[in-house]
Amino acid sequence: MKSRKRQSSAGRIRRIHNRLLEVYGPQAWWPAQTRFEVILGAYLTQNTAWKAVELSLANLRAAGALTIAGLRGVSLDELQRLIRPSGFITRKAPALKAFVSMLDAEFGGSLDTLSAIPTDTLRERLLTLPGVGPETADAIMLYALGHTVPVADEYLRRIAERHRLITPPPQKNRRGYDSLVQLTSEAFASEPANERAQHFNEFHALTVAVGKAHCGRTPRCEGCPLAYDLENA
Ligand code: SF4
């Protein structure tokens, strides 16, 4: 019974993806010019609106610190100043420095070398870094390092809770995160690997789009493209 319910939820996730794609179109994520910029954005966007991240990225670009070499060369104080618009600078600046230190010490300063290690090993390594939780690790892996992993976030958690896609409802903790990732994996499990990566990419971007437009702290279901699914909840 439990697995029938889970399969049904996975099918609903597929339909939710298709519906959102129909309404919002391809999102062309991640909004960045380089893989390293994706990584910086994944750190900076924690607890912060994307517009603030854009200001920080513009500061970093102007200072020549939007590359691995540039970030390596900038002092911690200067880095804090540059990323001030994104907030939490005393946590985020050392975390960015720690990422580059790890890259230099263990992977010859190369994102290609880092991305070549097996998915599970890579995820565990990223999760040991300061300032990296599951969502940041998975976003870096999917959007910057080319690994086929789903990304979950608070918007997806709200949708899953409000549409009763997972029982019990996913909590704001590691277990809740893992249940959302598991459900997303199941929804796209039948796809070939390369198409699955594209679906994970698009699905995360689309849930952010519907979350911003309708499914914030207070849901605005009227006119929401996912209102049709509430009757399945
Ligand atoms: S706003 Fe309502 S219909 Fe839209 S995703 Fe949230 S709960 Fe569902």
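Atoms considered below: every heavy atom in the structure, side chains included; atoms not considered: hydrogens, waters and symmetry mates. From a predicted model like this one, the values you see are computed outputs, not experimental measurements. For the single chain, residues carry numbers from 1 onward in sequence order.
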Visitor: Give a yes or no on whether N173 atom CG has more than 12 heavy-atom contacts from other residues, nucleotides or ligands under 6.0 Å away.
Guide: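 Atom CG in N173 is packed in, count exceeds 12.
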Visitor: Is the distance between the ring centroids of H204 and Y155 less than 6.0 Å?
Guide: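 Between H204 and Y155, the centre distance exceeds or equals 6.0 Å.
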Visitor: Would you give the length of the straight line joining atom CD1 of I16 to atom CG of L21, rounded to the nearest 0.5 angstrom?
Guide: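 Here the interatomic distance stands at 13.5 Å.
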Visitor: Can you hop from L60 to L55 via hydrophobic side chains spaced under 4.5 Å?
Guide: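 No, L60 does not connect to L55 through the hydrophobic network.
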Visitor: I need the minimum non-hydrogen distance between Q46 and A42, along with the two atoms involved.
Guide: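 Smallest interatomic distance, heavy atoms only, reads CG-O, 3.8 Å.
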Visitor: Would you mind reporting whether V132 and F99 have side-chain heavy atoms less than 4.5 Å apart?
Guide: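 They are not in side-chain contact.
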Visitor: Without hydrogens or angle criteria, can the side chains of T128 and R125 be said to hold a donor-acceptor pair below 3.5 Å?
Guide: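 Per modelled atom types, T128 and R125 side chains form a pair under 3.5 Å.
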Visitor: Are L206 and Y228 grouped together when hydrophobic residues (ILVMFWY) are joined by side-chain heavy atoms under 4.5 angstrom apart?
Guide: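 Looking at the clustering, Y228 is in the same group as L206.
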Visitor: Within 45° of the ring axis of Y177 and under 6.0 Å from its six-membered ring centre, is that where the NZ or CZ of R174 lies?
Guide: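 Geometry flag: not set, cation outside 6.0 Å or 45°.
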Visitor: When rounded to the nearest 0.5 angstrom, what is the spacing between OG1 in T34 and CG in L66?
Guide: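 The CG atom of L66 is 6.0 Å from OG1 of T34, to the nearest 0.5 Å.
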Visitor: R162 versus P219: any side-chain heavy-atom pair under 4.5 Å?
Guide: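 In contact.
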Visitor: Please tell me if the side chains of L96 and L44 come closer than 4.5 Å, counting only heavy atoms from C-beta onward.
Guide: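 SC-SC contact between L96 and L44 confirmed.
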Visitor: Might you point out which heavy atoms bring M141 and V149 nearest each other, and give the distance in Å?
Guide: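 Heavy atoms of M141 and V149 come nearest at CB-CG2, 3.9 Å.
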Visitor: Is there a side-chain contact between I166 and S9 (heavy atoms, below 4.5 Å)?
Guide: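 The answer is no, as the side chains (C-beta and beyond) never meet within the 4.5 Å cut-off.
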Visitor: For residues 129-156, which residue pairs qualify under salt bridge (charged side-chain N to carboxylate O under 4.0 Å, His left out), counting only residues two or more places apart or in two chains?
Guide: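 Residue pairs passing salt bridge (charged side-chain N to carboxylate O under 4.0 Å, His left out), neighbours aside: R123-D138, E154-R157, E154-R158, E154-K172.
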Visitor: Report yes if the side chains of N232 and H163 come closer than 4.5 Å at any heavy-atom pair, otherwise no.
Guide: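 Of all side-chain heavy-atom pairs linking H163 with N232, none is under 4.5 Å.
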Visitor: Using only atom types and a distance under 3.5 Å, with no angle test, would you say the side chain of Q171 pairs donor to acceptor with the backbone of P168?
Guide: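 Not at all, since once roles are kept as given, no pair shorter than 3.5 Å links the two residues.
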Visitor: Are L79 and F88 connected in a single hydrophobic cluster, I mean Ile/Leu/Val/Met/Phe/Trp/Tyr linked by side-chain heavy atoms less than 4.5 Å apart?
Guide: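 No: no chain of side-chain contacts under 4.5 Å links F88 to L79.
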Visitor: Salt-bridge test for D229 and R15: reply yes if a basic N is under 4.0 Å from a carboxylate O, no otherwise.
Guide: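 No, this pair does not count.
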Visitor: When you look at L183 and L156, which way does the side-chain contact (heavy atoms from CB on, under 4.5 Å) test go after all the steps?
Guide: CA-CA 11 Å; L183 178 60; L156 180 58; over 6 Å; no
Visitor: Taking salt bridge (charged side-chain N to carboxylate O under 4.0 Å, His left out) as the cut-off, I'd like each qualifying pair that reaches into residues 34-44, sequence neighbours left out, listed once.
Guide: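 Listed by first then second residue: R35-D112, E37-R61.
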Visitor: So which heavy atom on Q80 is nearest to which on I89, and how close?
Guide: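 So the minimum-distance heavy-atom pair works out to O-CG2, 3.6 Å.
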Visitor: Under a 3.5 Å distance rule, please check whether H147 uses its side chain to pair with a backbone N or O of S115 as donor and acceptor.
Guide: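 Checked: pair present.
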Visitor: Answer whether the closest heavy-atom distance between the side chains of L226 and V23 falls below 4.5 Å.
Guide: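 A side-chain contact is absent here, since even the closest heavy-atom pair is not under 4.5 Å.
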Visitor: If we ignore hydrogens and angles and just use 3.5 Å, is the side chain of S86 paired with the main-chain N or O of R84 as donor and acceptor?
Guide: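 Here the side-chain-to-backbone pair does not exist.
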Visitor: Can you tell me how the ring of F188 sits relative to the ring of H199, calling it parallel under 30°, perpendicular over 60° and tilted otherwise?
Guide: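 Plane angle under 30°, so parallel.
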Visitor: Walk me through whether S56 and L82 qualify under side-chain contact (heavy atoms from CB on, under 4.5 Å).
Guide: CA-CA 6 Å; S56 294; L82 294 169; over 6 Å; no
Visitor: Are the side chain of K97 and the backbone of L71 linked by a donor-acceptor contact shorter than 3.5 Å?
Guide: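 Looks like yes, one N/O pair under 3.5 Å.
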Visitor: Quick one: CD1 on I117 to CG on L122, what's the gap to the nearest 0.5 Å?
Guide: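 Between atom CD1 of I117 and atom CG of L122 there are 4.5 Å.
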Visitor: Minimum heavy-atom separation for Y43 and P130, please, with both atom names.
Guide: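 Where Y43 meets P130 most closely, the heavy atoms are CE2-O, 4.0 Å.
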Visitor: Considering only heavy atoms from C-beta outward, does the side chain of Q198 approach that of E191 to under 4.5 Å?
Guide: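 No - every pair of side-chain heavy atoms lies 4.5 Å or more apart.
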Visitor: Counting N and O atoms only, with roles assigned by atom type, does the side chain of T45 sit under 3.5 Å from a partner on the main chain of G41, one being a donor and the other an acceptor?
Guide: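 No, T45 side chain to G41 backbone: no donor-acceptor pair under 3.5 Å.
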Visitor: Quick one: pull up CZ in R81 and CG in L76 and give me the separation to the nearest 0.5 Å.
Guide: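 The CG atom of L76 is 13.0 Å from CZ of R81, to the nearest 0.5 Å.
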Visitor: If every non-hydrogen atom of T67 is compared with every non-hydrogen atom of G70, which pair is closest and at what distance?
Guide: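 Of all heavy-atom pairs spanning T67 and G70, the closest is OG1-N, 2.9 Å.
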Visitor: Look at the side-chain heavy atoms of Ile, Leu, Val, Met, Phe, Trp and Tyr, link any pair under 4.5 Å apart, and say whether F203 and W50 land in one connected group.
Guide: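 As far as the 4.5 Å side-chain criterion goes, W50 and F203 are connected within one cluster.
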Visitor: So, do L103 and L114 sit near enough that their side-chain heavy atoms are less than 4.5 Å apart?
Guide: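 L103 reaches L114 side chain to side chain.
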Visitor: How close do F36 and V100 get, heavy atom to heavy atom, and via which atoms?
Guide: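 It is CZ-CG2, 4.0 Å.
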Visitor: Report the distance from atom CD1 of I68 to atom CG of D104, rounding to the nearest 0.5 Å.
Guide: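 Atom-to-atom, I68:CD1 and D104:CG are 8.0 Å apart.
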Visitor: Checking the side chain of R220 only, and the main-chain atoms of C215 only, is there a donor and an acceptor separated by less than 3.5 Å?
Guide: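 Between the backbone of C215 and the side chain of R220 there is no qualifying donor-acceptor contact (under 3.5 Å).
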Visitor: Does the pair L165 and L180 meet the rule for a side-chain contact (heavy atoms from CB on, under 4.5 Å), with working shown?
Guide: CA-CA 9 Å; L165 286 158; L180 293 168; over 6 Å; no
Visitor: Treating E202 as the side-chain partner and F200 as the backbone partner, does any N or O pair qualify as donor plus acceptor under 3.5 Å?
Guide: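 No: the side chain of E202 does not pair with the backbone of F200.
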Visitor: Under 3.5 Å, is there a donor-acceptor pair between the side chain of K92 and the main chain of I83?
Guide: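 No: the side chain of K92 does not pair with the backbone of I83.
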